[in-house]
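First up is the structure itself, then whatever we jot down about it.
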Amino acid sequence: MTVAEARRAGIGRLIVESVDLSLYIASVELGGERILLAAEDGSVLKTRNLQAMKERLAPLAAWPSVLRQRSAYDEMCGQSWASADNTLEVPLELRDQSAGR
């Protein structure tokens, strides 16, 4: 699903996930289903920095949005990766806050 298709689908929840040190992907939750967002060419929508992702997702600025990061701490320490969910979600504002200044 592209950003334009998501916008036409109605309001859902937007998730930007930090999957590596400088790699972000986005998905939407619509009707209880999580759908990965795609670029116009059909490839996975990904950026190398958060600001670039926010710019790509600007048409969905009215949606509730979160930035999600999963920690590999337990796995790196030899603990079972399934023992606990180390997912951190923080609210993400897509609107440009400096525009009104």
Side-chain angles (χ1 to χ4, degrees):
M1 172 180 285
T2 65
V3 171
E5 291 169 335
R7 187 173 184 198
R8 287 191 297 269
I11 293 186
R13 180 175 168 215
L14 182 60
I15 301 165
V16 175
E17 190 161 353
S18 173
V19 293
D20 199 5
L21 293 175
S22 61
L23 182 63
Y24 297 87
I25 61 171
S27 60
V28 295
E29 287 180 351
L30 289 168
E33 183 180 357
R34 185 170 175 206
I35 304 163
L36 195 61
L37 286 177
E40 294 302 324
D41 67 0
S43 64
V44 173
L45 178 63
K46 61 185 173 225
T47 63
R48 291 287 174 189
N49 66 64
L50 186 56
Q51 184 60 39
M53 181 60 79
K54 290 168 75 171
E55 290 168 6
R56 299 283 301 270
L57 299 175
L60 305 176
W63 290 29
S65 306
V66 295
L67 174 62
R68 178 183 288 171
Q69 182 170 354
R70 290 190 174 91
S71 172
Y73 178 80
D74 288 341
E75 184 179 347
M76 291 186 310
C77 293
Q79 301 294 320
S80 169
W81 62 271
S83 64
D85 183 9
N86 285 335
T87 301
L88 172 67
E89 280 190 2
V90 294
L92 180 65
E93 180 64 49
L94 296 178
R95 290 186 179 92
D96 183 7
Q97 297 297 312
S98 64
R101 293 182 197 172

Worksheet item: Which heavy atom of Ala6 sits nearest a heavy atom of Leu37, and at what distance?
Response: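 For Ala6 versus Leu37, the nearest heavy atoms are CB-CD2, 4.2 Å.
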
Worksheet item: Between Ala39 and Thr2, what is the shortest heavy-atom contact and its length?
Response: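 That would be O-CG2, 3.9 Å.
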
In terms of hydrophobic clusters joined by side-chain contacts under 4.5 Å, are [X] and [Y] together?
{"X": "Leu57", "Y": "Leu36", "result": "no"}
{"X": "Leu92", "Y": "Ile25", "result": "no"}
{"X": "Val28", "Y": "Val90", "result": "yes"}
{"X": "Val44", "Y": "Tyr24", "result": "no"}

Fill in: Arg7 atom CZ, over 12 foreign heavy atoms within 6.0 Å
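Check fails, neighbour count at 12 or below.
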
Check: residues 12-21 side-chain donor-acceptor pairs under 3.5 Å, at least two apart:
from: Arg13; atom 1: NH1; to: Glu29; atom 2: OE1; distance (Å): 3.4
from: Arg13; atom 1: NH2; to: Glu89; atom 2: OE1; distance (Å): 2.4
from: Arg13; atom 1: NH2; to: Glu89; atom 2: OE2; distance (Å): 3.2
from: Glu17; atom 1: OE1; to: Arg34; atom 2: NH2; distance (Å): 2.8
from: Glu17; atom 1: OE2; to: Arg70; atom 2: NH1; distance (Å): 2.3
from: Ser18; atom 1: OG; to: Asp20; atom 2: O; distance (Å): 3.4

Discussion item. Please report the interatomic distance CD1(Ile35) to CG(Leu30), rounded to the nearest 0.5 Å.
Written reply: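 Atom-to-atom, Ile35:CD1 and Leu30:CG are 5.0 Å apart.
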
Discussion item. Show me the pairs that pass salt bridge (Lys or Arg N to Asp or Glu O under 4.0 Å) and involve residues 41-60, at least two apart or across chains.
Written reply: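 For residues 41-60, and leaving out neighbouring residues, there are no salt bridge (Lys or Arg N to Asp or Glu O under 4.0 Å) pairs at all.
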
Item to complete: Just jot down the side chain to side chain contact (heavy atoms under 4.5 Å, CB included) partners of Ile11, sequence neighbours excluded, or say none.
Response: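 Here the qualifying residues are Trp63, Pro64.
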
